Amino acid sequence: MARFGKWEVMEAIFGTGFIPVFYHPDTQTAEKAMYACYRAGVRLFEFTNRGDFAHDVFASLEIFAAKKCPGLILGAGTVTDQATAALFLQLGASFIVGPNFNPSIAALCNRRQIPYIPGCATATEVGNAQEAGCDICKIFPADQIGGPSFVKSLKAPMPRSLFLISGGVKPEEANLQEWFRAGATCVGMGSALFTNELINAENWDSISGLCKRSLEAIARVRTKQ
């Protein structure tokens, strides 16, 4: 069962505006990456379903987070079907993220009162997801479908829509400013944060530093809006 309810998750999304996105087949590496983010002030972490036995690593991360990272909300990403969503919910996921919109996942998450953040690339997909009860939609792949200008264009006719931006987000103040000024509610950051160089070197302090600077940059741009 999830340790956090729907509105606790949404409050964290609004409060920090930032979700690190990570996958690694080694449990200890995943724990170290997650803890590095947590030390920097991150309170949401998405572990993606991108490899064999990813659910086993996720289960260990959930136990680790409960013991070592008070207040950290762990969710499962790259979830495309209802059966996989149910598996991760059973393992304790507090939110589900997908690259696409699947109505059956929305129905499942609604019954469990767990946020489902589906990937959307058009106004129609956003509208369909919202009708299915999705409070926030992931604009993906954001950099490939128009970037910040596309997000701004979507917000014009859909001003109350909430968007998680994924794809093309970097731990750089200018980049983050562009996305939030365009209308982002939150951003997800993966390979630009967890570079192969940093992971291979186990340079967790640098990852913590990038997270901290990103959180600070997001807070600054929000205060100016």
Side-chain angles (χ1 to χ4, degrees), residues 13 16-55 57-58 60-61 65 69 72-80 84 88 93 95-100 117-121 136-148 150-151 163-180 182 184-218 221:
I13 289 173
T16 67
F18 179 43
I19 304 177
V21 179
F22 186 70
Y23 169 76
H24 200 282
D26 179 69
T27 299
Q28 288 189 340
T29 300
E31 289 175 351
K32 291 175 182 178
M34 183 172 70
Y35 191 68
C37 296
Y38 177 76
R39 286 193 295 114
V42 166
R43 290 301 177 262
L44 296 144
F45 191 87
E46 176 188 334
F47 186 76
T48 60
N49 179 43
R50 292 193 177 183
D52 294 337
F53 306 108
H55 61 285
V57 180
F58 181 91
S60 296
L61 281 181
C69 308
L72 180 67
I73 302 171
L74 181 61
T78 319
V79 177
T80 59
T84 302
F88 279 99
F95 61 96
I96 298 292
V97 183
N100 63 319
I117 307 174
C120 300
I136 182 166
C137 296
K138 180 172 80 167
I139 302 303
F140 175 79
D143 57 336
Q144 299 298 315
I145 57 174
F150 175 73
V151 176
F163 296 137
L164 164 66
I165 307 303
S166 181
V169 181
K170 301 175 183 178
E172 301 168 1
E173 184 146 2
N175 180 272
L176 292 166
Q177 285 180 351
E178 276 195 288
W179 290 115
F180 279 92
T185 302
C186 185
V187 294
M189 200 181 305
S191 58
L193 174 63
F194 302 104
T195 66
N196 288 333
E197 180 181 2
L198 292 178
I199 296 299
N200 292 337
E202 296 196 27
N203 191 343
W204 310 118
D205 287 341
S206 289
I207 291 174
S208 290
L210 290 172
C211 287
K212 188 173 185 295
R213 288 194 290 274
S214 295
L215 287 167
E216 291 171 348
I218 290 168
V221 70

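Keep in mind that what you see is a predicted model, and the values were worked out from it rather than measured. The residues of the chain are indexed from 1 along the displayed sequence.
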*Asks:* My understanding is that only one of Leu61, Ile199, Leu193, Thr48 makes a side chain to side chain contact (heavy atoms under 4.5 Å, CB included) with Phe22; could you say which?
*Replies:*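 Only one option passes, and that is Ile199.
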
*Asks:* Could you check whether any side-chain heavy atom of Leu176 comes within less than 4.5 Å of a side-chain heavy atom of Met189, counting everything from C-beta outward?
*Replies:*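 Yes, their side chains come closer than 4.5 Å.
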
*Asks:* Listed by chain and number, what are the side-chain contact (heavy atoms from CB on, under 4.5 Å) partners of Val79, not counting sequence neighbours?
*Replies:*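 Result, side-chain contact (heavy atoms from CB on, under 4.5 Å) vs Val79: Ala76, Thr84, Ala85, Phe88, Ile96, Ile105.
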
*Asks:* Give the minimum heavy-atom separation between Met34 and Leu72, together with the two atoms involved.
*Replies:*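 Shortest heavy-atom contact: CG-CD2, 3.4 Å.
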
*Asks:* Apply side chain to side chain contact (heavy atoms under 4.5 Å, CB included) to the pair Asn49 and Phe58, showing each step before the final yes or no.
*Replies:* CA-CA 9 Å; Asn49 179 43; Phe58 181 91; over 6 Å; no

*Asks:* With under 30° as parallel and over 60° as perpendicular, where do the rings of Phe194 and Phe45 fit, or are they tilted in between?
*Replies:*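 Aromatic pair Phe194/Phe45 classed perpendicular.
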
*Asks:* Rounded to the nearest 0.5 Å, how far does CZ of Arg213 lie from CD of Glu173?
*Replies:*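 Answer rounded to 0.5 Å: 11.0 Å.
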
*Asks:* How far apart are the C-alpha atoms of Val151 and Glu178, what are their side-chain angles, what is the distance that settles it, and do they pass the side chain to side chain contact (heavy atoms under 4.5 Å, CB included) test?
*Replies:* CA-CA 10 Å; Val151 176; Glu178 276 195 288; over 6 Å; no

*Asks:* Would one find more than 12 heavy atoms of other residues, nucleotides or ligands at under 6.0 Å from atom OH of Tyr35?
*Replies:*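 Counting other residues, nucleotides and ligands, OH of Tyr35 stays at 12 neighbours or fewer.
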
*Asks:* Can you run down the side chain to side chain donor-acceptor pair (under 3.5 Å) pairs that involve residues 16-27, sequence neighbours left out, and say none if there aren't any?
*Replies:*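 Qualifying pairs, neighbours excluded: Asp26-Thr29.
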
*Asks:* When you look at CD of Gln28, are more than 12 heavy atoms from neighbouring residues, nucleotides or ligands closer to it than 6.0 Å?
*Replies:*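 For Gln28, atom CD is not crowded (no more than 12 foreign heavy atoms under 6.0 Å).
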
*Asks:* Could you report the tightest heavy-atom contact between Ala30 and Phe47, atom names first, then the distance?
*Replies:*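 For Ala30 versus Phe47, the nearest heavy atoms are CB-CE1, 4.1 Å.
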
*Asks:* List the steps and the verdict of side chain to side chain contact (heavy atoms under 4.5 Å, CB included) for Val21 and Val97.
*Replies:* CA-CA 10 Å; Val21 179; Val97 183; over 6 Å; no

*Asks:* Please report the interatomic distance SG(Cys186) to CZ(Phe180), rounded to the nearest 0.5 Å.
*Replies:*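 Here the interatomic distance stands at 6.0 Å.
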
*Asks:* Of all the heavy-atom pairs spanning Gly77 and Glu46, show the shortest one and how long it is.
*Replies:*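 Reported closest heavy-atom pair: CA-OE2, 3.2 Å.
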
*Asks:* Kindly determine whether Asn175 and Trp179 satisfy side chain to side chain contact (heavy atoms under 4.5 Å, CB included), including the steps that lead there.
*Replies:* CA-CA 7 Å; Asn175 180 272; Trp179 290 115; 3.2 Å; yes

*Asks:* I need the Asn100 CG to Lys138 NZ distance, nearest 0.5 Å.
*Replies:*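 The NZ atom of Lys138 is 9.0 Å from CG of Asn100, to the nearest 0.5 Å.
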
*Asks:* Measuring only between side-chain heavy atoms, which start at C-beta, is Cys211 closer than 4.5 Å to Phe18?
*Replies:*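 Yes, close enough: below the 4.5 Å cut-off.
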
*Asks:* Write down the atom of Ile73, the atom of Phe95, and the distance for their closest heavy-atom approach.
*Replies:*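 Heavy-atom minimum between the residues: O-CE2, 3.8 Å.
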
*Asks:* What is the minimum heavy-atom distance between Thr78 and Arg50, and which atoms define it?
*Replies:*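 Taking every non-hydrogen atom into account, OG1-NE, 3.1 Å.
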
*Asks:* Using 0.5 Å steps for rounding, measure from the CZ atom of Arg39 to the CD1 atom of Ile207.
*Replies:*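 Between atom CZ of Arg39 and atom CD1 of Ile207 there are 10.0 Å.
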
*Asks:* Could you tell me whether a side-chain N or O of Asp52 sits under 3.5 Å from a main-chain N or O of Pro25, the two making a donor and an acceptor?
*Replies:*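 A pair under 3.5 Å: no.
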
*Asks:* Could you pull out the closest heavy-atom pair between Phe140 and Pro99, with the gap in Å?
*Replies:*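 Scanning both residues, the minimum pair turns out to be CD2-O, 3.8 Å.
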
*Asks:* As an exercise, state the distance from CD1 of Ile165 to CD1 of Ile139, rounded to the nearest 0.5 Å.
*Replies:*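 Between atom CD1 of Ile165 and atom CD1 of Ile139 there are 5.5 Å.
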
*Asks:* Does the Thr185 side chain pair with the main chain of Leu164, one donor and one acceptor, at a distance under 3.5 Å?
*Replies:*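 No, because the side chain of Thr185 does not come within donor-acceptor range (under 3.5 Å) of the backbone of Leu164.
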
*Asks:* Measuring from atom CG of Leu198 to atom CG of Leu210, what distance do you get when rounded to the nearest 0.5 angstrom?
*Replies:*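 The distance works out to 6.5 Å.
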
